[in-house]
Amino acid sequence: MTTTVILGVIGSDAHAVGITILEQALDAAGFDVRNLGVQTGQDEFVEAAAASDAEAVLVSSLYGHAERDCDGLHEALAEREIEPATYVGGNLAVGQADHETIRERFERMGFDRVFDAETDPEDAIVALKRDLGLAETDTERSRVSS
Amino acid sequence: MTTTVILGVIGSDAHAVGITILEQALDAAGFDVRNLGVQTGQDEFVEAAAASDAEAVLVSSLYGHAERDCDGLHEALAEREIEPATYVGGNLAVGQADHETIRERFERMGFDRVFDAETDPEDAIVALKRDLGLAETDTERSRVSS
Amino acid sequence: MVTDERLADADLRRIDEQVRSDWPTGADVDFEEAIAFHESLPDSKRFAEVLESADAPLLQPRAGVPRLDDQIELLRHLQNEGGADLLPTTIDSYTRDNEYGKAGDGLEDARETGEDTLNGFPAVNHGVEGCRDLIRALDAPIEVRHGTPDARLLAAITYAGGFQSFEGGPISYNIPYTKERDLATTIEQWQYVDRLAGAYTERGVRINREPFGPLTGTLVPPCIAIAVMVIEGMLAATQGVRSITLGYGQVGNFVQDVAALHALRSLGEEYLPDPVRVTIVFHEWMGGFPPDEARANAVISLGAATAAIAEPDKVITKSPQEFAGVPTQEANAAGLRTTRQLIDMLLEQNVQLEGVDRELNLIQKSSRELIEAAIGAGDGDVAQGTIQAFETGALDVPFAPSESAQGAVLPARDDDGRVRILEFGDLALSEDVQEIHHNRLDARASTEGRERSFKMVADDVDAISDGRLIGRPTGGD
Amino acid sequence: MVTDERLADADLRRIDEQVRSDWPTGADVDFEEAIAFHESLPDSKRFAEVLESADAPLLQPRAGVPRLDDQIELLRHLQNEGGADLLPTTIDSYTRDNEYGKAGDGLEDARETGEDTLNGFPAVNHGVEGCRDLIRALDAPIEVRHGTPDARLLAAITYAGGFQSFEGGPISYNIPYTKERDLATTIEQWQYVDRLAGAYTERGVRINREPFGPLTGTLVPPCIAIAVMVIEGMLAATQGVRSITLGYGQVGNFVQDVAALHALRSLGEEYLPDPVRVTIVFHEWMGGFPPDEARANAVISLGAATAAIAEPDKVITKSPQEFAGVPTQEANAAGLRTTRQLIDMLLEQNVQLEGVDRELNLIQKSSRELIEAAIGAGDGDVAQGTIQAFETGALDVPFAPSESAQGAVLPARDDDGRVRILEFGDLALSEDVQEIHHNRLDARASTEGRERSFKMVADDVDAISDGRLIGRPTGGD
Ligand code: B12
Ligand code: B12
């Protein structure tokens, strides 16, 4: 069983290194990763999620405009009647903001989980497994075969 | 006219570099400096001031015990019926204390001026000239001759 | 088809008019009147002269906030409390995308709520007069720093607005900064930016241009950065730019960084035509920072020490808050002062590192191979050749998000922490050079008892933020 | 007359009893029971073993507060948040003066008001059990750091209290720390301190002793520091100490500091008898700090970079708040992390500085001249010779407050920032060596267009806190 997840950097953000690392880690953990790359619009996230019946959408944003860029994403997903788990991570606000405030703000927007820039790819993998109800053995198997 | 000033590090404090620099600067500015060195007791300050009819007593303390070490100095001077200007300077409290609080505390103890560790020897010289009523020309003369 | 030739005056005028009609504030640009404004500025605000006549590395931070008065206050703080020699104005991301409408909304928001939702100064929206208010208010020269692939309107407005230095270039502000921009198009667009600087230069206003050396900021092998710098320098020189600052971002290995800065200077002077004054700028670590200010200070200090030894003309400083987000003005000034103290303590010492010459030779040889490959691919035309070279992968940048680059090159550190190339893709490096890289990385792999692999790359990307230089496997792996 | 001979067992016992009767807490010391306590400690608390088996420089801060629970909390913080490998307990100034009554009052005050009016931990007042509570509470080895000329009771109590490392020595804790102490007396007193450590050593508890290398912390020429270290090491070895850590304080010149650390290690190994394990410790800048945390971080980082290159066994870190007063625990931990990050980024790099060998030869030759002069002055007895040498000025320390030293030596930096000697007094250095110093300082004087003078010394004393290494005259002078 393969689990498809969508990954991308939203808006006009071009920070590519984080998703390159994430893609590689998710892939090694056995996920089927669709990496949309940087500077990806909301519509592209929604399109890709719908097209591949993805179980999760992972939105990355580093440059500080995440709030503006993500505004409306969950409504667009709802319109297409899909309900993937949605994660957002990176440097989500401009400046030296406190992560708790940011987390609340993005949870209110509909994200299931909000990650800061100290997030290790392993944290995302553990969360995905829990949220998508993947058994430990699934992953161990996939890890061996990868 | 020479103006005698007493200089020393009080208590069991052994920080010698600051008074070495101060001595040299005061000397170059034309003062007659009696440097009592480090680890000088209150009694030695009082004795020296009385003996040389000093116009100022400069107490240095770096190691954080100034308050304890200076307690009673002004009373001892009064007992000998001498009234030199009294300055204290250096790192006057243990830890990261704020200079305003410290200044007040030492002024209340009777010091005429309280200097922090950022003090340049020039600052002390300017203050001495003002407090002892030395004309600019006096010093300029002494500077030329030094 | 874009070639490396100077834009004709008629073309310059045509493009200029078209560009200025993109957004209402473009209409306020008047070249003659702008020359007069520049001429009215004191010597202390002439960027090129200040930079070129300095006898020790000048320090410049990055900084940009949406509102004009805040930007003035911020730059004053960096000058007075940080001791910055040269000032920056960093442009927001919407402006970089030419989304002046969104930038305007952000500016409005900032003005109304007092909260900054833009990550920089929207210079196009502030317009010529807004820029001049900024230039007038500060005492030091100010550079426009941005990341805009199509920076034509931004250049037209900020040059007229009194800025005398402008960062970026057709490769360095495309490949690391965008996904879908076509390289031929950005080269053409930057010909205008450079030609306009050239036009000012002809009138005695020597606008300084600074290609962005760090590229993706992440384990960029020196030869790649240097090749891109020299190429962008050549393109700018063709358009009449006469003050060019080539850049390089710290990789964290002392010997390699010192060697790379020497190589950058010598190749810049060799390849750029004589009337151009070449200066070099060193960027403190541009990759991921440690999530801890105390540790970040060590990264900044290592960069400052490198600068003291290599003596670039300018250093772009980082703040200890780099990891978390746009820094407070206090943290930004602190980064400047840490850098200054370290440079001033080391500068007078004669510090010579053994092995710099060997590394310098390798970097020069490799850079030359890449530059010549680009020139050769265009049969002598460096514009055409560069486009070809990026298409074929003969030139490439690691971690490049752009579809205009292969993005096939993968870097990794060797056993001494120098950045080498693990995957070359089609990079135009000779067998000799490739073998050196192979051998160095093999040595590391054997030290670590593991295969050379992407895991090594990922470990190296995280290493400095994890507190070390080389991403060795840790016990737990 | 004190000679460099091992104290007889009977003398040790006699002095021990006398010393322990100085203050009530002395009565609780029981040697056999103390051995049992040490034997009960896990390997991770055996100072000498942890230090001697490390494969990278270990980090140790300075820290001491009056109350036991506060000290435990402080050290936990430094270990957990700072990543300290070795922990300190810095003793307060009254204890250093053997004023246990005043120290007790200060401790009472601290307990009652919560305010710290003591500048360290009064270990004698805390007594054997208080010390053991501290040792038990922490996971790392802990050293007693102080500055006590007559440290006999402090040693008796802290050794019995479970500390396995003890800083100081008869010269290094006399000359820089006191005015009126007689050197012959402190040598005799430290023979007890060392002999007692030797007694523990014979029973398998190898107490580490660490002469205090930085001396007055202010422009100390390396040969002077090294000579004092080697002499104190020899005196300690005679008494049976088998783990000796020789120290050196950063002077801020890369090449000179690296050379000095190499010289310290090689001369230590050469002069100390074979059964002694010699390790070396590098102190980050011990002179006046900049009154600005950002700039202080650069000073700390320069020290850390030096440590990464020279690889001492241990580094004593400073905090960015050094200038202002005893640092907060957070600032202290920050100094540790800045140091760690810089060392870990540089350690794996093979950094070789040109010119280290030349400087190393000069330092070795000069140090040897001083050491041999001291040995010679005592006709082979280093205790006697040292007393003579300080009396005549053959050995001397700049800025020494002590009447036991001439204090005639004056140091100044040369044109490269290396610490040289401006006034030799009667220092036992050969004409050759003196000439080298003269020439270097003449070169500087001519660069600056001024005479060699005390003004140069004063300017150099302030230079680092003013933001540079060499105290050049500024425009205003
Ligand atoms: C390298 C870098 C660049 C490079 C990017 C090259 C490239 N194309 O990738 C360059 C130089 C081009 C660049 C440009 C800019 N940058 Co930049 N950049 C950085 C820097 C130094 C490192 C980023 C990085 O690669 N880290 C390493 C990777 C592995 O970590 P990561 O990206 O954080 O990703 C990890 C985690 O965050 C997490 N994660 C990330 N996303 C997600 C999503 C999910 C769902 C999950 C679970 C986890 C997760 O997992 C990842 C893997 O471990 C950071 C500061 C820092 N972190 O030290 C600034 C930083 C991100 N940049 C910043 C800014 C402002 C910009 C610019 C706007 C301005 C400028 N300086 O020119 C432009 C923007 C250009 C654009 N259009 O996007 C700011 C953002 C400010 C804010 N948010 O307040 C930062 C924080 C710097 C700063 N302090 O000012 N940058
Ligand atoms: C060098 C030094 C030492 C040397 C001193 C050598 C010697 N014999 O001189 C050694 C290593 C021996 C030492 C020992 C100790 N030190 Co110490 N030392 C320093 C250090 C790093 C520099 C001091 C110095 O020489 N500065 C250069 C001179 C030129 O400046 P200055 O002394 O400040 O003097 C100038 C001004 O303050 C002013 N000034 C001074 N006095 C006066 C008086 C008047 C009237 C006026 C007008 C002006 C004035 O003018 C002077 C000339 O410009 C400072 C921290 C710092 N400042 O960076 C710590 C410091 C002073 N030491 C400190 C401590 C705690 C100690 C010890 C108790 C503990 C220890 N670490 O071992 C012992 C005390 C020993 C003792 N019995 O006194 C603390 C004091 C803490 C506090 N007040 O809260 C400091 C601040 C370090 C710290 N952050 O913890 N120290």
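Every chain is numbered from 1 and lettered A, B, ... according to where its sequence line falls, protein lines coming before strand lines. As the structure is a computational prediction, the values presented were derived from the model and not from experiment.
Heavy atoms closer than 4.5 Å to chain C are found in the side chain of D:L346, but not in its backbone. Within the 4.5 angstrom heavy-atom criterion, only side-chain atoms of D:D292, from C-beta onward, approach chain C. Within the 4.5 angstrom heavy-atom criterion, no atom of D:P320 approaches chain C.
Options D:D466, D:T339, D:L342 differ in how many heavy-atom pairs under 4.5 Å they form with chain C, and the most are formed by D:L342. Counting heavy-atom pairs under 4.5 Å between each of D:L336, D:T338, D:L469 and chain C puts D:T338 at the top.
Using a cutoff of 4.0 Å between basic side-chain nitrogens and carboxylate oxygens, D:E348 and C:R468 are not scored as salt-bridged.
Atoms CD and CG, on C:Q349 and D:L353 in that order, are 9.5 Å from each other to the nearest 0.5 Å. In this structure, D:F254 CZ and C:Q352 CD are separated by 13.0 Å, a value rounded to the nearest 0.5 Å. Interatomic distance, D:L302 CG to C:L302 CG, rounded to the nearest 0.5 Å: 11.5 Å. Taking CG of D:N350 as the reference point, atom CG of C:D415 lies at 11.0 Å (rounded to 0.5 Å).
C:H262 is linked by a ring pair (Phe, Tyr, Trp, His ring centres under 6.0 Å) to nothing, counting only residues two or more places apart in sequence or in another chain.
Residues D:S301 and C:N297 share a closest heavy-atom pair of OG-O, 4.2 Å. What you find for C:Q341 and D:P290 is that their closest heavy atoms are NE2-CG, 3.9 Å. When all heavy atoms are compared, the tightest approach of C:A334 to D:A294 is O-CB, 3.5 Å.
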